[in-house]
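Okay, structure first, notes after.
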There are 2 protein chains.
Amino acid sequence: MPKTDKATRTSSEQTRAALIDAGLRLFGRKGFEGTPIRDIAAEAKTNVASIAYHFGGKDGLRLACAEAVALRLRQVAGQTILSSDAGGDGEKALAIMETALTALVTFIAARPEARDIAAFMMREMSDPGPALDQIYTNLIHPVHGALCRLWGTATGTDPESPSTRLAVFALAGQIVYFRIGRPVILKRMGWQDIGPDEANQIVATVTGNLRALVAAGKAGAK
Amino acid sequence: MPKTDKATRTSSEQTRAALIDAGLRLFGRKGFEGTPIRDIAAEAKTNVASIAYHFGGKDGLRLACAEAVALRLRQVAGQTILSSDAGGDGEKALAIMETALTALVTFIAARPEARDIAAFMMREMSDPGPALDQIYTNLIHPVHGALCRLWGTATGTDPESPSTRLAVFALAGQIVYFRIGRPVILKRMGWQDIGPDEANQIVATVTGNLRALVAAGKAGAK
DNA sequence: GTCTATAAACAGATAGAC
DNA sequence: GTCTATCTGTTTATAGAC
């Protein structure tokens, strides 16, 4: 059946993508060791053997999931941050950061796929290995670096200084917590779900904090 | 129930404690499903069967670990926050929060046990169940509530309002990220470890942020 | 209460038919 | 390329000796 003529649209690629999708979802929820490859195959509507065929084994799928995570989050955060340049204008740098954070928070807090993406990343951080290296070099390092440059421009401080880097990490921490801590947040806020309304409240909190922290950083730089 | 005569010092209690300790460490690093009870027994220097004996099974140990986590973190955060009362004095409320945050951040960022405690909590949040309920009612709800009251006093805003609750969650997010994201932070900061020096830099970042955010919240409340 | 031995279920990898 | 059947090792839980 799997001949790659244009009518069939390479079912190989489709199976591959379905496996990564299923792997991300299950690894995120139940953990890597907690997920049997049989479940992944079932979720992707294929057979167990196809995981060894496409990725060489369970570990290969893990790495492929890490690649997918880095790619997806760069699409959300990256294209807004990585490409743009404030050109020394503090106000513009702050505006760019606000736009980027809004996009990031909206995606991370409200989009359903973000649950699995965030959970996958957090799990990899609890047990660092090749998959985390992937995510670090392809996502975290470039995005954090770009945010540091914007932060430096916005506050007039050294973008390479430890305090700038820590400030940006603190900012990132706020965002990821709104996803990871979701069940706790829902319960405490009395929310049923994080829809557009709730996401906007979170966006308002984070962007408000950004402005306050940048203002404080600017004052401290004098 | 073990017989508690003072001479033997109940080795039962010791085994129990050693199992919880080992469980917390291994569950945090490799996840619940990723950890065989044989490994836990070996780490606790006892036999596999003792887990079923003391906790009824692997799930029982999981719940006992959740209890231990809640208890331990209440000792760190709780005794400073839960007991004290600002009595309507904004300055005093801010000072209490600063003291509490310093203790919390120092513990979470620098203490080795905190790695496993934080990882355990995050994993439970990714896959909510009875253990998370434990942690929520015995730790998160009371501590978050106390911080909201202090925040309300410090900023002059309603401690029960959604924006206050979200602000406190954002603050908490910063703290936990400095533990969860540790491997990434070490790499990006060029640090070998988080010792007293590095912990102080993190404490300075977080308490600085606290002051800036409270000041902004106070201004907004006018 | 502790521990060894074992049972019954389940894991990931792979050979070979299609 | 896909899928079934199977191999080999490992898992949790438990029975029973001490």
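The figures that follow rest on heavy atoms only: side chains count, while hydrogens, waters and symmetry mates do not. Each chain gets a letter, A, B and so on, in the order the sequences are listed, and its residues count up from 1.
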Quiz item: What integer distance in Å separates A/L19:CG from D/dC3:C1'?
Solution: 13 Å
Self-check item: Spacing of A/L61 atom CG relative to C/dA13 atom C1', expressed in whole Å
Solution: 14 Å
Quiz item: Should A/T15 be listed as having a side-chain N or O under 4.0 Å from OP1 or OP2 of D/dG1?
Solution: no
If you look only at distance, which donor and acceptor atoms sit under 3.5 Å apart when one is on a side chain in residues 185-192 of chain A and the other is two or more places apart or in another chain?
unit_1 : atom_1 : unit_2 : atom_2 : d
A/K187 : NZ     : B/D133 : OD1    : 3.2
A/R188 : NE     : B/H144 : ND1    : 2.8

Quiz item: Parallel, tilted or perpendicular for B/F32 and B/F27, by the 30°/60° rule?
Solution: tilted
Self-check item: Separation between CD1 of B/I140 and CD of B/Q134, rounded to the nearest 0.5 Å
Solution: 11.5 Å
Quiz item: Please give, in whole Å, the distance from D/dT2 P to A/E13 CD?
Solution: 11 Å
Quiz item: In whole angstrom, what separates A/D39's CG from C/dA11's P?
Solution: 7 Å
Quiz item: Starting at CZ of A/F27 and ending at C1' of C/dG12, how long is that distance when rounded to a whole Å?
Solution: 12 Å
Exercise. Please report, rounded to the nearest Å, how far the P atom of C/dA13 is from the CZ atom of A/R38.
Key: 11 Å
Quiz item: Quick one: do the B/S161 and B/T164 side chains pair a donor with an acceptor below 3.5 Å?
Solution: yes
Quiz prompt | d(CZ, B/F55; P, D/dA13) in whole Å | solution = 13 Å
Quiz item: B/I37 CD1 to C/dC3 C1': how many Å, rounded?
Solution: 13 Å
Counting only pairs under 3.5 Å, give me each side-chain donor-acceptor contact of residues 37-45 of chain A, with atom names and distances, residues two or more places apart or in other chains.
unit_1 : atom_1 : unit_2 : atom_2 : d
A/E43  : OE2    : A/R25  : NE     : 2.7
A/E43  : OE2    : A/R25  : NH2    : 3.2

Practice problem: May I ask you to list the residues of residues 45-53 of chain A, by number, that have any heavy atom positioned under 4.0 Å from an atom of DNA chain C? | Solution: A/A49, A/A52
Quiz item: Looking at D/dT11, C/dT2, C/dG12, which one has an atom nearest to any side-chain atom of A/K58?
Solution: C/dG12
Quiz item: Passes salt bridge (charged side-chain N to carboxylate O under 4.0 Å, His left out), A/D193 versus A/R182? Steps please.
Solution: CA-CA 9 Å; A/D193 185 43; A/R182 185 188 177 109; 2.9 Å; yes
